[in-house]
> 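Shown below is the structure under consideration.
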Amino acid sequence: MGETARGNGLPGAERLEEAAALFTLLGRIFHGVPDRELLAAAVDGRAFDEVPFAEGDEAEEGRRLLAAWGDACASPFSDGDFHALSAEYTRLFVGTRKVAAPMWESVYFNKDRMVFQHQTFEVRAAYARYGLEVDALSHEPDDHLAYELLFIGRLCHMGAEAARRGDASETDRVVADAVSFAVCHPMTWVPQWRESVERHARCDFYRGYAALVDAALRQLEGELGSACARVAAA
């Protein structure tokens, strides 16, 4: 798993960058409508043959499903492949009446399945502590899955930079914030969201994506959360 950050018990810069790369990719995939250029690069570059950071059976299942979807696509990635995936995205995450697998945290904590609830503002405050805010042009609530994943990716990258500088206290702080955010926010609802995706999805891409998101969050909590606990106890 790479060297520790200057002996402070946390994974080193290389491992933190692996986490940053995975969470950033997962966030970008789910940010807004499907991005043809990003998907084409992932398929044509066989990005899902190997996945950084996430380990274990769940991660492997997600990677396998994504790779299988990529193998079934034309080479190079075609308009037909893109339109099929875009239609699946609309069916699962936009819908016409009831959304099959909502992608906002708030929806999972109120019976009316409403967005812009207190979870949204808690997430917004977490972003603001790092000088970040959601692009107003996106018209999406702050607790959208893509933003939560991108935020974790940003914190992991910041932790890696601090580790390279030899700033152990900053590494501790940023990584602890990443783990705390993951536990308090996406991990409270992603398992339920994943179940909805698995129940309703008709192609391997979103089943694999949901499995990999779940696995990445569990890896973050298990590996980096344990490291933070050891640092705190030292």
Side-chain angles (χ1 to χ4, degrees), residues 1-3 11-93 101 103 144-157 159-160 178 182 186 190-191 193-220 222-224:
M1 293 186 181
E3 86 273 30
E14 182 178 348
R15 185 64 172 164
L16 291 171
E17 283 291 10
E18 289 181 5
L22 178 57
F23 280 102
T24 300
L25 175 62
L26 293 173
R28 287 185 63 202
I29 286 173
F30 216 57
H31 182 236
V33 297
D35 183 330
R36 190 192 190 289
E37 185 176 338
L38 176 62
L39 292 167
V43 172
D44 296 338
R46 303 193 65 85
F48 302 121
D49 285 358
E50 295 184 9
V51 172
F53 185 67
E55 300 172 348
D57 293 343
E58 291 293 323
E60 176 57 25
E61 175 66 5
R63 188 210 64 77
R64 184 189 66 77
L65 288 168
L66 288 166
W69 171 80
D71 288 344
C73 290
S75 181
F77 190 63
S78 70
D79 288 342
D81 294 322
F82 176 68
H83 293 317
L85 193 66
S86 296
E88 178 77 338
Y89 176 92
T90 299
R91 190 182 66 80
L92 286 173
F93 309 118
M103 52 192 130
H144 187 285
L145 178 59
Y147 295 133
E148 295 192 353
L149 297 174
L150 288 168
F151 181 59
I152 294 170
R154 174 70 70 89
L155 293 186
C156 289
H157 177 65
V190 161
W193 171 78
R194 177 187 174 186
E195 289 177 3
S196 296
V197 173
E198 290 179 339
R199 185 165 60 251
H200 296 288
R202 295 173 182 167
C203 78
D204 285 338
F205 181 86
Y206 287 115
R207 282 192 292 268
Y209 174 83
L212 190 54
V213 168
D214 198 6
L217 290 167
R218 293 175 188 276
Q219 184 76 28
L220 186 82
E223 180 178 340
L224 301 189

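Everything quoted here is computed from the prediction, not taken from an experiment.
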> So Leu212 and Leu22, side-chain contact (heavy atoms from CB on, under 4.5 Å) or not? Walk me through it.
CA-CA 9 Å; Leu212 190 54; Leu22 178 57; 4.2 Å; yes
> Search all heavy atoms of Phe93 against all heavy atoms of Met103 and return the closest pair with its distance.
O-CE, 2.9 Å
> Can you tell if the side chain of Ser75 reaches within under 4.5 Å of the side chain of Arg46, non-hydrogen atoms only?
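No; the side chains remain at least 4.5 Å from each other.
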> Below 4.5 Å, heavy atoms only, C-beta onward: do Asp81 and Leu85 meet side chain to side chain?
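No. Closest side-chain heavy atoms not under 4.5 Å.
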> Can you tell me how far CG of Leu150 sits from NE2 of His157, rounded to the nearest 0.5 angstrom?
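Reported to 0.5 Å precision, the distance equals 13.0 Å.
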> Which pair of heavy atoms, one from Ala182 and one from Leu217, lies closest together, and at what distance?
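Scanning both residues completely, I find the closest heavy atoms to be CB-CD2, 4.1 Å.
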> Look only at the side chain of Glu88 and the backbone of Arg202, and say whether a donor-acceptor pair between them is shorter than 3.5 Å.
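Confirmed, Glu88 side chain pairs with Arg202 backbone.
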> When you look at Tyr206 and Trp69, which way does the side-chain contact (heavy atoms from CB on, under 4.5 Å) test go after all the steps?
CA-CA 9 Å; Tyr206 287 115; Trp69 171 80; over 6 Å; no
> Please step through side-chain contact (heavy atoms from CB on, under 4.5 Å) for the pair Tyr209 and Val197, ending with a clear verdict.
CA-CA 9 Å; Tyr209 174 83; Val197 173; over 6 Å; no
> Answer yes or no: does atom CZ of Arg28 have more than 12 heavy-atom neighbours from other residues, nucleotides or ligands under 6.0 Å?
no
> State, to 0.1 Å, how close Leu220 and Ala178 come at their nearest heavy-atom pair, and which atoms those are.
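Scanning both residues completely, I find the closest heavy atoms to be CD2-O, 3.8 Å.
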> Rounded to the nearest 0.5 Å, what separation is found between the CZ atom of Arg207 and the CG atom of Leu92?
9.5 Å
> Are Pro186 and Ile152 close enough that some pair of their side-chain heavy atoms sits under 4.5 Å apart?
yes
> Evaluate the side-chain proximity of Glu60 to Val51: yes if any heavy-atom separation is below 4.5 Å, no if none is.
no
> Taking ring-ring contact (aromatic ring centres under 6.0 Å, His included) as the definition, give me every residue that meets it alongside Phe53, ordered by chain and number, with sequence neighbours left out.
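Result, ring-ring contact (aromatic ring centres under 6.0 Å, His included) vs Phe53: none returned.
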> Considering only heavy atoms from C-beta outward, does the side chain of Phe82 approach that of Val43 to under 4.5 Å?
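Phe82 does not reach Val43 side chain to side chain.
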> Specify whether Phe30 and His144 have parallel, tilted or perpendicular ring planes, treating 30° as the upper limit for parallel and 60° as the lower limit for perpendicular.
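Judged by the thresholds at 30° and 60°, the geometry between Phe30 and His144 is tilted.
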> Closest heavy-atom contact between Phe23 and Leu149?
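Closest pair (atom of Phe23, atom of Leu149, distance): CB-O, 3.5 Å.
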> Do Leu66 and Asp204 have side-chain heavy atoms sitting under 4.5 Å apart?
no
> Tell me whether Arg36 is salt-bridged to Asp79, with the criterion being a basic N under 4.0 Å from an acidic carboxylate O.
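The answer is yes: the pair qualifies as a salt bridge.
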> Once rounded to the nearest 0.5 Å, what's the spacing between atom CG of Leu38 and atom CG of Leu25?
6.5 Å
> Among all residues two or more places apart in sequence or in another chain, which pass the side chain to side chain contact (heavy atoms under 4.5 Å, CB included) test with Arg194?
Glu58, Glu198, Ala210, Ala211, Asp214
> Checking the side chain of Asp44 only, and the main-chain atoms of Pro76 only, is there a donor and an acceptor separated by less than 3.5 Å?
no
> Measure the spacing between CG of Leu39 and CD1 of Ile29 and express it to the nearest 0.5 Å.
7.0 Å
> Enter the distance from Leu16:CG to Glu223:CD here, rounded to the nearest 0.5 Å.
8.5 Å
> In Å and rounded to the nearest 0.5 Å, what is the CZ to CZ distance from Phe48 to Phe205?
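With rounding to 0.5 Å, CZ (Phe48) is 5.0 Å from CZ (Phe205).
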> On a heavy-atom basis, which atom in Ala67 and which in Asp49 lie closest, and how many Å separate them?
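Heavy atoms only, the tightest pair is CB-OD1, 4.3 Å.
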> So which atom in His200 and which in Arg91 form the shortest heavy-atom distance, rounded to 0.1 Å?
O-NH2, 2.6 Å
